[in-house]
Amino acid sequence: AQSVSQHNHHVILSEAASLELGCNYSYGGTVNLFWYVQYPGQHLQLLLKYFSGDPLVKGIKGFEAEFIKSKFSFNLRKPSVQWSDTAEYFCAVVPNSNSGYALNFGKGTSLLVTP
Amino acid sequence: ETGVTQSPTHLIKTRGQQVTLRCSSQSGHNTVSWYQQALGQGPQFIFQYYREEENGRGNFPPRFSGLQFPNYSSELNVNALELDDSALYLCASSLWTSGRGDEQFFGPGTRLTVL
């Protein structure tokens, strides 16, 4: 079945450590890619998105992600995390073959940043 | 600019009952999508409405139905509730132009508990 996989379900980092969260998908053809974040008690909000062009995408709050088509991957990175980055992170894919524009989400990665 | 709002915030129902959840889309948006997020999982696409018509549907049974109104607000109806329907129901609005969608903006969700 077509899916979105996030490899790390729980990540614990110290402040200032570097972050990389993995995301792989199994859809063929052209895709649109997203990372959403859910801070404790808040709505899901968009961190960054990739539709086309430069495969290295920069988002809000110092996050970036790299689309590697050959690996079907869209990993999220941040060079130095802060305590305020503690949140749930979701990778999502929209295959362009979709009827409609449904976001297909991974199961999420829970990130805890310790002081 | 007002964001996506959902009502009610929380709801408790018993098996077999019916429920209606409501969503007001963000100003200027014409498309509404509904997602179900079970505990510890990523959101799963239920369906999407554009111009008052269903524009795509996920793998949910027909007892999940919806409506979109001329002001682009939307309802999600679930009949014959089952215990597994207990989840956070998310509404997301977006602007559909030129045959493609864009970033989806999420509401805070309605927490449904089925006893």
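Letters A, B, ... mirror the listed sequences (proteins, then strands); counts begin at 1. These figures come from a predicted structure and were not determined experimentally.
Other residues, nucleotides and ligands contribute over 12 non-hydrogen atoms within 6.0 Å of the CG atom of A:L56. Counting heavy atoms of neighbouring residues, nucleotides and ligands inside a 6.0 Å radius, atom CZ of B:R63 exceeds 12 of them. For CG of B:N59, the number of neighbouring non-hydrogen atoms (other residues, nucleotides, ligands) closer than 6.0 Å is 12 at most. The environment of OH in A:Y50 is crowded: more than 12 heavy-atom neighbours from other residues, nucleotides or ligands sit within 6.0 Å. Heavy-atom neighbours of B:K13 NZ from other residues, nucleotides or ligands within 6.0 Å: above the threshold of 12.
Of the atoms belonging to B:L90, it is side-chain heavy atoms, and not backbone ones, that fall under 4.5 Å from chain A. Contact annotation for A:Q45: neither backbone nor side-chain heavy atoms come within less than 4.5 Å of a heavy atom of chain B.
A side chain to side chain donor-acceptor pair (under 3.5 Å) check over residues 12-21 of chain A, counting only residues at least two apart or in different chains, returns the pairs A:E20-A:N75.
B:I46 and A:F34 are members of different hydrophobic clusters when ILVMFWY side chains are connected at heavy-atom separations under 4.5 Å. Clustering ILVMFWY residues whenever any of their side-chain heavy atoms sit less than 4.5 angstrom apart, transitively, puts B:L21 in the very cluster that holds B:F64. There is a path of hydrophobic side-chain contacts, each under 4.5 Å, that joins A:L47 to A:V31. Transitive grouping of hydrophobic side chains (ILVMFWY, heavy atoms separated by less than 4.5 Å) brings A:F72 and A:L76 into a common cluster. Under a hydrophobic-cluster definition in which Ile, Leu, Val, Met, Phe, Trp and Tyr are linked whenever side-chain heavy atoms come within less than 4.5 Å, directly or via other members, A:L21 and A:F67 are assigned to the same cluster.
For residues 35-43 of chain B, the interface with chain A (any heavy-atom pair closer than 4.5 Å) comprises B:Y35, B:Q37, B:G40, B:Q41, B:G42, B:P43, sorted by residue number. Taking 4.5 Å as the heavy-atom cut-off, none of the residues of residues 78-86 of chain A approach chain B.
Among the candidates B:G58, B:G107, B:S33, the residue making the largest number of heavy-atom pairs closer than 4.5 Å to chain A is B:G107.
To the nearest 0.5 Å, atoms CZ (B:F106) and CG (A:L46) are separated by 9.5 Å. To the nearest 0.5 Å, atom CD of residue B:E103 and atom CZ of residue A:F51 are 8.5 Å apart.
With sequence neighbours excluded, no residue satisfies side chain to side chain donor-acceptor pair (under 3.5 Å) with B:R15.
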side-chain contact (heavy atoms from CB on, under 4.5 Å) between B:Q104 and A:Y36: does it pass, once the steps are laid out?
CA-CA 10 Å; B:Q104 295 186 25; A:Y36 278 84; 3.8 Å; yes

